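This report refers to the structure that appears directly beneath it.
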Amino acid sequence: MLDIDFIRKNPSEFDNALKSRNVESISKRIIKIDEEKRNTQTILQNILAEKNLLSKKIGIGKSKKENVDSEIKKVEKLNNEISSLKELEKIKIDELTAILNRIPNIPAKDVPIGDNENDNIEYKKYGNKPKFNFIPKKHFELGENLNLMNFELSSKLSGSRFVVLKGIMSKLERAIATFMLDKHTLENGYTEISVPFLVKDSSLYGTGQLPKFAEDLFTAGENHWLIPTAEVPLTNLVREQILLENELPSRFTAYTPCFRSEAGAAGKDTRGMLRQHQFTKVELVSVTTPDQSEKELERMLNSAESILRDLEIHYRIVTLCTGDMGFAAKKTYDIEVWLPGENAYREISSCSNCGDFQSRRMNTKIKKDNKNIYAHTLNGSGLAVGRTLIAILENYQTQDGNVLIPECLQKYFDNKKTLI
RNA sequence: GGAGAGAUGGCUGAGCGGUUGAAAGCACCGGUCUUGAAAACCGGCAACGAGGCAACUCGUUCGUGAGUUCGAAUCUCACUCUCUCCGCCA
């Protein structure tokens, strides 16, 4: 949710920002409805003031046993006007929020302008592509050959875009998650939270998935949705609260399954476990004051990177351009991990500063100098566990089809050095 | 699933038709005192919106939504959530 006051005062800046995000310019329409709303409110409030005054008079008059019939008649007349003005006001408010709800965040000033992922800008790189003296296999070839990854079974159970992992492969997934949680809680200063995987509309509205992106989500029963990311429950932890400045920043992490319908991704990455309806992820969320959020984004990125550095896997980081950013984000870094089997970089983490966009929707404030200001929220993957598993398989594979266990994970495997 | 109780400001908690946006306490902020701190004392302290250059004025809000009334935190109805007891269950 954007600040209507900002739109009122900076209509052309607002329109330009939307244009850079491939959204049509609508400041004129917004300002017009907003004016109508405020005009209605001004008239309505004057009448309400008049009514309140009369009611007070009636109260005093009655206690003195005076005749107040004419006052009562006046109020009855006013009540008719009030109800129709209230209706009009509601129409205008609904009209306005319907538009504002679906407008994405304004990009930060240092975000590159562009249309799509081709305009993203490389921010930094870590390590080098590994060299193989054989042709590296893709993760699903490795997994299926080892009989530890099965897509026929999962399709029997649940259809396409699922996977069944077995034995040591299943344990690898668990070890990766444990390693990430240990790292983030012990070294990176995040508090581990165990959260619900089902949430209400209002939570998804708060983080920005609803109302615009309902088709990307799975529903569960009448009143619940499956979380598409732990960002939703973690960020909503601070909804409808006034936080104290000296308790910030809050840093939360959670290991959860994520459920996505992948509605618009038909035919994309259909083989393997790169793009699934269900996957697990360790999520990072920070809540800060506005002046700290830029710094916090760099810190969060570094926390996410620390996992891949420990795993000694090559990656690069790109700054997403305006056209490629998510709805709630002001600025986003993607970490793209190198996959030798794919011979490509693939997204493994996305770290975003949402500014006050989500906190406006959630009504999360900070008491600062005796004033209440909107908090800033950030979220990032730290990291997607399934894709990390893919990255380990492809980067640590050996010629005989086995996989080396990265050193930082060996303690979870009784110091074993290879998967089998 | 059955029975009962409740939802008030950052927190605790009074109010149960008419200057009650709401007592009191805690927390917080400012001041006096103190070498400094604490204590004590004095003062301030809800949010959101509309209007105004501003001092300020007005409106809305006591879980949510409707209703009764000239007037609702207070009465009625529905819903949501929380707590206690019983049953069932990982």
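Within every chain, numbering begins at 1; the chains are lettered A, B, ... in the order of the sequence lines, protein sequences first and strands thereafter. Keep in mind that what you see is a predicted model, and the values were worked out from it rather than measured.
Comparing the C1' positions of rC83(B) and rU34(B) gives a spacing of 48 Å, expressed to the nearest Å. A distance of about 8 Å separates the C1' atoms of rU74(B) and rG15(B), rounded to the whole Å. Here the separation of rC28(B) from rU80(B), taken at their P atoms, is 39 Å to the nearest Å. Comparing the P positions of rC26(B) and rC41(B) gives a spacing of 9 Å, expressed to the nearest Å. Remark: the separation of the C1' atoms in rC58(B) and rA3(B) is 48 Å, to the nearest Å. Atom P of rC62(B) sits at a distance of 27 Å from the matching atom of rG4(B), rounded to the whole Å. Here the separation of rG17(B) from rA7(B), taken at their P atoms, is 16 Å to the nearest Å. As rounded to the nearest Å, rC29(B) and rG71(B) have C1' atoms that lie 37 Å from one another.
In this structure, Tyr190(A) has its ring center no closer than 6.0 Å to that of Phe252(A).
Counted by atom type alone, Glu305(A) and Tyr315(A) present one or more donor-acceptor pairs between their side chains at under 3.5 Å. Of the N and O atoms on the side chains of Arg299(A) and Asn302(A), not one donor lies less than 3.5 Å from an acceptor on the other residue. Under the 3.5 Å distance criterion, with hydrogens and angles disregarded, no donor-acceptor pair is assigned to the side chains of Lys200(A) and Asn223(A).
Proximity of residues 75-93 of chain A to RNA chain B (heavy atom under 4.0 angstrom from any strand atom) is restricted to Val75(A), Glu76(A), Asn79(A). Sorted by residue number, the members of residues 45-54 of chain A with any non-hydrogen atom under 4.0 Å from RNA chain B read Gln45(A), Leu48(A), Ala49(A), Lys51(A), Asn52(A).
With respect to Ser352(A), the side-chain hydrogen bond (donor to acceptor under 3.5 Å, both in side chains) criterion is satisfied by exactly one of Thr332(A), Thr377(A), Asp334(A): Thr332(A). Partner of Gln209(A) under the side chain to side chain contact (heavy atoms under 4.5 Å, CB included) criterion, chosen from Ile227(A), Val199(A), Asp216(A), Leu204(A): Leu204(A).
Between Thr289(A) and Asp291(A), the closest heavy-atom pair is OG1-OD1, 2.9 Å. The shortest non-hydrogen separation linking Ala177(A) to Val282(A) is O-CG2, 4.1 Å. Between Tyr345(A) and Glu336(A), the shortest heavy-atom contact is CD2-O, 3.6 Å. The two residues Ser306(A) and Lys183(A) have their closest heavy-atom pair at OG-CE, 3.5 Å. Contact record, Thr288(A) with Leu378(A): CG2-CD1, 4.0 Å, taken as the closest heavy-atom pair. Listed here is the closest heavy atom pair of Ala230(A) and Glu283(A): CB-CB, 3.7 Å.
Taking only side-chain nitrogens and oxygens, Arg38(A) never comes nearer than 4.0 Å to OP1 or OP2 of rG49(B). Arg8(A) has a side-chain polar atom (N or O) that falls below the 4.0 Å cut-off from OP1 or OP2 of rA50(B). Here Lys57(A) does not reach the OP1 or OP2 of rU19(B): none of its side-chain N or O atoms lies under 4.0 Å away.
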Its dot-bracket string being built from Watson-Crick and G-U pairs below 3.5 Å, with | for another strand and [ ] for crossing, RNA chain B has the pattern ((((((((.[[[..)..(.....]]].(((((.......))))).((((((....)))))).[[[[[..)....]]]]])))))))....

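Mapping Lys367(A) and Asp34(A) onto RNA chain B via the closest heavy atom, the residue that lands nearer the 5' end is Lys367(A). Along RNA chain B, the nucleotide nearest to Asn363(A) and the one nearest to Thr42(A) differ in position, and the one closer to the 5' end is contacted by Asn363(A).
One can place CD of Glu36(A) at 16 Å from C1' of rA50(B), the figure rounded to the nearest angstrom. In this entry the distance linking CG of Leu96(A) with P of rG49(B) reads 13 Å, nearest Å. Remark: C1' of rC28(B) and CD1 of Ile366(A) are 16 Å apart, rounded to the nearest angstrom. Straight-line distance from the CD atom of Glu247(A) to the P atom of rA27(B): 15 Å, rounded to whole Å. Regarding Lys200(A), its NZ atom lies at a distance of 16 Å from the P atom of rC79(B), rounded to whole Å. Atom CD1 in Ile373(A) sits about 15 Å away from atom C1' in rA47(B), given to the nearest Å. Whole-Å rounding puts the Ile60(A) CD1 to rG71(B) C1' distance at 12 Å. Protein atom OH of Tyr205(A) is 17 Å distant from nucleotide atom P of rU64(B), rounded to whole Å.
Looking at Asp269(A) and Arg346(A), their side chains come closer than 4.5 Å, going by heavy atoms from C-beta outward.
Note on Glu71(A): nothing from the nucleic acid sits closer than 4.0 angstrom, heavy atoms only. Among the protein residues, Lys73(A) comes within range of no part of the nucleic acid, since none of its heavy atoms lies under 4.0 Å from any strand.
Taking the side chain of Ile242(A) as heavy atoms from C-beta on, and the options rG10(B), rC48(B), rA50(B), the nearest nucleotide is rG10(B).
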